[in-house]
Asks: 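Before I ask anything, here is the structure I am working with.
Here is how names work: the chains are called A, B, and so on, in the same order as the sequence lines, proteins then strands, and each is numbered from 1. Side chains included, hydrogens not; waters and symmetry mates left out as well; all remaining heavy atoms used.
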Amino acid sequence: MRLSRYFMPVLKEDPKEAQIVSHRLMLRAGMIKQQAAGIYSWLPLGFKVLNRIQQIVHEEQQRAGHIPMLMPTLQSADLWRESGRYDDYGDEMLRIKDRHKRDLLYGPTNEEMVTDVFRSHVSSYKDLPLTLYHIQWKFRDEMRPRFGVMRGREFLMKDGYNFDLDRDAALHAYNRHLVSYLRTYERMGLQAIPMRADGGPIGGDYTHEFLVLAETGESEVFYDSQITDLKFGAREIDYDSVAECQAVLEEFTSRYARTDETHDEAIFAEVPEERRRSARGIEVGQIFYFGTKYSEAMGATVVGPDGNRVPVEMGSHGIGVSRLLGAIIEASHDDKGIIWPEGVTPFHAGIVNLKQGDVATDSACEALYAELKTQGLDALYDDRDERAGAKFATMDLIGLPWRITVGPRGLANNKVELTSRRSGESVEMSPQEAVLRLKEIYKPVFDAAY
RNA sequence: CGGGGCGUAGCGCAGCCUGGUAGCGCGACGGUUUUGGGUACCGUAGGCCGGAGGUUCGAAUCCUCUCGCCCCGACCA
């Protein structure tokens, strides 16, 4: 993309409504525009990252064997009356009437609807196990939306629902989700720690929240510092293997890690003092096993091998897709702007033309831009007629992890500069070398795709 | 929902107390200049002052109502 033709309305000054760094940077980088309290337009740059994150979530869900679908944003109130949650949910649920005065609601989650889909079409244990998921906009009418996309009213969420014949199978589904979530967050350059949590309105007592440590987190968390050394890494796993998934769950949940909701001082005291930590965390996902709570209320049953009809065992699992942008920025920025992890960056690299209008420099930039594209790398070419300082400041703000600086001084020796946004280190090399180096850098990102 | 605050140009703000027909910085646009970290100078455009009603000869300014947004708290992914 040529910046002169792109739409990226960056701001030099901080908008006053933004209090936390991710909100401020998303507004300044021209990623979002607020349309109402807690409701945002996703401008091209923000939309690009949102899509990258969605893509990773889709890939990791499907790698785990989960099946994508799409349910509507608007739901009939009748379904929610069946489960009893129409009254329980309170004012957080946005209720709407259509022209026939039928009660509708903008879905805050989809347990009822997916259970309805299931009961309409599945009746035999032979169709199990089944995990359906979708990535869809949700609405929760928060009393006080804040922190930009971290706590909006409208938000994009991946929610998945497993259907299993018995408790053991459902617990395997739970473990499988835990594993897939670990992979998902790591691909985004995040460390998200599974912590024992509270069931909340979804119900169920078997649940973990995934938290990204950040000063601006909404939850207070307590953990054994050893847990931050754990990495899922590039290991292969057989998602159908109960033992393998169970082993990963045990590895990642055996050390103390709880949110304030479930924190227990007595148990925490057993952790050696030098490893005890308390911090703030941003919740970016949660997994639940809740058994037959919805299947019983809504009559979602299957006939088992013994010929008896039993309510199906369920769990649900969510990833806050739009909120992840905020979480990633909270975890990865400096005083100049965002620092995108390679896995989610909107562009793989930025090209800064230091002397726009100079024939040699322009053509070197064009050639580099074309070659990156040929090699499958998506570059943002700053071809504006701006001074170097302004271009650098923009690149730093929007956080592309790699920058190639092209100017007449270096080109005299066939050199450009490859600079890491994270470390600030610059290395001179030929344009050809820069392309090769970027291909190496992004190889793990491309290899991780499913 | 309780408490507090703010709506004046694209963004950040002043003007309001003490009514007299709107200003600054940044940005945008045009030019000169400059050219490796938001260059300097000159110029131009852009606002019925959130909305409605009222008081007044006259309202951004005073009064009433209303809408929106922000902050603290409670709540929440």
Asks: If you check the E142(A) side chain, which of C76(B), G37(B), C71(B) turns out closest?
Replies: C76(B)
Asks: Both P408(A) and G320(A) contact RNA chain B. Taking the nearest nucleotide for each, which residue is further toward the 5' end?
Replies: P408(A)
Asks: May I ask you to check whether Y174(A) and Y289(A) place their ring centres under 6.0 Å from each other?
Replies: no
Asks: Between Y86(A) and R95(A), is there a cation-pi geometry (under 6.0 Å to ring centre, at most 45° from the normal)?
Replies: yes
Asks: Compare the minimum distances between each of G12(B), C1(B), C76(B) and the side chain of M143(A), then state the nucleotide with the smallest one.
Replies: C1(B)
Asks: Which nucleotide in the list C75(B), C26(B), G36(B) gets nearest to the side chain of A388(A)?
Replies: G36(B)
Asks: Can we call the ring centroids of H58(A) and Y133(A) under 6.0 Å apart?
Replies: yes
Asks: Looking at Q19(A), I'd like to know whether one of its side-chain N or O atoms comes within less than 4.0 Å of OP1 or OP2 on C72(B).
Replies: no
Asks: Side chain of E417(A) only, please: which of G12(B), G36(B), C75(B) is the nearest?
Replies: G36(B)
Asks: Under 4.0 Å: is that the gap between some side-chain N or O of K12(A) and OP1 or OP2 of G27(B)?
Replies: yes
Asks: Given G36(B), is OP1 or OP2 found less than 4.0 Å from the side-chain N or O atoms of R409(A)?
Replies: yes
Asks: Tell me whether the side-chain N/O atoms of R144(A) come closer than 4.0 Å to OP1 or OP2 in C71(B).
Replies: yes
Asks: Tell me whether K48(A) at atom NZ has more than 12 heavy atoms from other residues, nucleotides or ligands lying less than 6.0 Å away.
Replies: yes
Asks: Between U39(B) and R387(A), is there an OP1 or OP2 to side-chain N/O distance shorter than 4.0 Å?
Replies: yes
